[in-house]
K.L.:
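What follows is a single structure, and I will ask about it in a moment.
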2 protein chains.
Amino acid sequence: MSVAIENFVKAIYNNENHDITDTKPGNIASKLGISSAAATDMAKKLDAKGLLNYEKYQALRLTKKGEKMALNVVRKHRLWEALLHQMFDMSLHEIHREAELLEHETSDFLAEKISEYLGHPKFDPHGDPIPNADGEITTKDTSIALINAEENTEYIVSRLMSTDKEFFEFCALNGIKYGNKIAVKKQFQNSKMTQITIHSNTIVLNQDFTQIIYVNEIN
Amino acid sequence: MSVAIENFVKAIYNNENHDITDTKPGNIASKLGISSAAATDMAKKLDAKGLLNYEKYQALRLTKKGEKMALNVVRKHRLWEALLHQMFDMSLHEIHREAELLEHETSDFLAEKISEYLGHPKFDPHGDPIPNADGEITTKDTSIALINAEENTEYIVSRLMSTDKEFFEFCALNGIKYGNKIAVKKQFQNSKMTQITIHSNTIVLNQDFTQIIYVNEIN
DNA sequence: ATTAATTTTTAAGTAAGCTTAAAAATTTTT
DNA sequence: AAAAATTTTTAAGCTTACTTAAAAATTAAT
């Protein structure tokens with residue numbers, strides 16, 4: 001499939017995955033740096049191909065087939081990031097830039113070779129889960145609020161589900177960001193608060209925050 | 001630059017490199033699997049871009065700029081082949097197939113990282129020389145006829161400059177093929193013959209053959 | 001509940017990279 | 001040196017993936 005189509009489908013997938021409810025052509029357009037008109041055209045074309053459902057003025061929704069394509073590209077992207085990070089010690093920014101190009105020119109065969117070589121990793125260097133060859137993500141992230149505190153388990157921040165500026169300021173101040181390691185030390189049942197450690201700092205978070213900070217367990 | 005342009009320039013380069021004197025649109029067309037008409041159009045376009053010289057009905061000749069572009073793509077191709085071969089133990093056919101795609105989506109930055117990682121190899125797994133970052137091939141192959149026989153030096157067959165069917169039958173029979181190791185044991189000055197070993201077989205070749213078998217010294 | 005602002009869609013048009021078919025030039029054969 | 005065969009070029013047309021500008025619909029504001 002063409003690079004344009006793969007990127008289009010991937011953009012919708014990423015949007016949906018970040019719980020943005022209605023993904024309209026305009027959103028995808030600005031994400032991909034194309035005009036809304038081009039995005040509408042593409043949406044119609046991909047509807048005809050059975051990759052998504054398009055109805056005038058409505059949100060775009062990937063079909064199973066479209067999601068599978070997106071997951072295949074995402075898998076390749078994250079495998080490349082993992083490989084480049086491990087082998088060449090490139091920065092997170094650099095690996096992303098290169099993976100963005102390589103992902104479209106990688107055969108399923110090569111992706112499997114990379115995965116094997118790395119021991120079938122479940123996460124990329126950002127902490128994002130790597131789908132398997134069938135497009136399944138076995139490891140689902142959960143909000144901190146739902147985790148049972150266990151001394152020795154470490155987690156990687158996967159999502160900060162908020163649009164509140166102050167929340168992000170708080171996160172920045174405390175090193176709570178995408179890809180960083182944290183440990184959940186104690187759940188206070190009555191007050192619904194959670195004690196975590198991050199960068200050897202201990203913080204207590206109330207429910208407002210623990211419900212919107214998502215993490216992945218480290219394999 | 002686009003994939004189509006990179007492949008076009010590379011096809012001309014490879015042709016020239018195999019001493020095929022006149023490379024016309026038709027040759028490139030059949031190599032790339034496009035029509036002659038498309039190749040002619042492209043040739044005109046690349047002439048305007050200063051990548052080659054095009055004159056109606058004449059052979060295509062790369063400019064310095066065009067050759068530099070070709071060498072840049074060839075470098076990436078061969079570095080990928082070397083990396084994939086070493087890391088994933090993929091066959092020569094497989095690494096070629098993957099490199100053919102990856103070469104166009106590889107930044108100079110990443111190419112340099114791969115080269116560094118591999119210790120700046122001078123040859124790929126086929127025995128073809130890898131141009132450096134400036135597009136220079138420091139190691140030039142030479143015909144067997146010009147080599148001084150030295151016991152411990154090994155060579156890799158790089159080119160068989162012939163179109164004669166019988167010559168290729170002879171080569172196939174004796175394991176003389178692209179990428180295979182040989183040693184030059186003795187030059188007979190008067191008769192202009194050369195004794196070589198290949199796969200622990202000893203063969204004596206006359207000048208007709210030694211002048212068209214090209215090899216690279218192993219680093 | 002209108003009006004205003006924004007977003008989406010339609011319509012027309014462009015550039016890249018192809019195609020086929022016919023015309024023109026070259027090369028080969030006799 | 002003509003005739004025949006082949007190759008190259010021209011011409012017209014197609015698809016993909018965009019663009020801008022105007023029309024249509026939706027969403028937000030008063």
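We name chains A, B, ... by the order of the sequence lines, and we start the count at 1 in each one.
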K.L.:
Side chains of B:E81 and B:H77: donor-acceptor distance under 3.5 Å anywhere?
P.N.:
yes
K.L.:
Quick one: look up who C:dA21 pairs with, Watson-Crick or G-U, both distances under 3.5 Å, and put none if it's unpaired.
P.N.:
D:dT10
K.L.:
Rounded to the nearest Å, what distance is computed from the CG atom of residue A:N27 to the P atom of nucleotide C:dT9?
P.N.:
11 Å
K.L.:
What I want to check is whether the side chains of B:Q187 and B:T194 have a donor and an acceptor closer together than 3.5 Å.
P.N.:
yes
K.L.:
Counting only side-chain N and O atoms of B:K24, is one of them less than 4.0 Å from OP1 or OP2 of C:dT27?
P.N.:
yes
K.L.:
Can a donor-acceptor pair be found between the side chains of A:N7 and A:H104 at a distance below 3.5 Å?
P.N.:
yes
K.L.:
I need the CG-P distance between B:D22 and D:dT8, as an integer number of Å.
P.N.:
9 Å
K.L.:
Do side-chain atoms of B:S115 reach the backbone of B:A111 as a donor and acceptor pair under 3.5 angstrom?
P.N.:
no
K.L.:
Going by the salt bridge (Lys or Arg N to Asp or Glu O under 4.0 Å) test, which pairs reach into residues 39-55 of chain B, not counting sequence neighbours?
P.N.:
none
K.L.:
Quickly work out the A:L46 CG to D:dT16 C1' distance and round it to whole Å.
P.N.:
12 Å
K.L.:
List the protein contact pattern of nucleotides 18-23 of chain D with one symbol per nucleotide (5' to 3'): B for base contact, S for sugar-phosphate-only contact, - for none; contact means a heavy-atom distance under 4.0 Å.
P.N.:
BBB---
K.L.:
Under 4.0 Å between a side-chain N/O of B:K56 and OP1 or OP2 of D:dT10, yes or no?
P.N.:
yes
K.L.:
Check whether any side-chain nitrogen or oxygen of A:S2 sits under 4.0 Å from OP1 or OP2 of D:dT16, and answer yes or no.
P.N.:
no
K.L.:
Any carboxylate oxygen within less than 4.0 angstrom of a Lys/Arg side-chain nitrogen, looking at A:E103 and A:R75?
P.N.:
no
K.L.:
May I ask you to decide whether B:E100 forms a salt bridge with B:K10, counting only side-chain N to carboxylate O separations under 4.0 Å?
P.N.:
yes
K.L.:
Less than 4.0 angstrom between a side-chain N/O of B:T40 and OP1 or OP2 of D:dT8, yes or no?
P.N.:
no
K.L.:
Looking at A:F123, is A:R78 sitting on its ring face, NZ or CZ under 6.0 Å from the six-membered ring centre and within 45 degrees of the normal?
P.N.:
no
K.L.:
Considering only NZ, NE, NH1 and NH2 on the basic side and carboxylate oxygens on the acidic side, decide whether B:K76 and B:E105 come within less than 4.0 Å.
P.N.:
no
K.L.:
Please state how far atom NZ in B:K44 lies from atom P in C:dA16, giving the value in whole angstrom units.
P.N.:
15 Å
K.L.:
Set out, line by line, the N/O atom pairs under 3.5 Å between protein and nucleotides 1-3 of chain C.
P.N.:
none

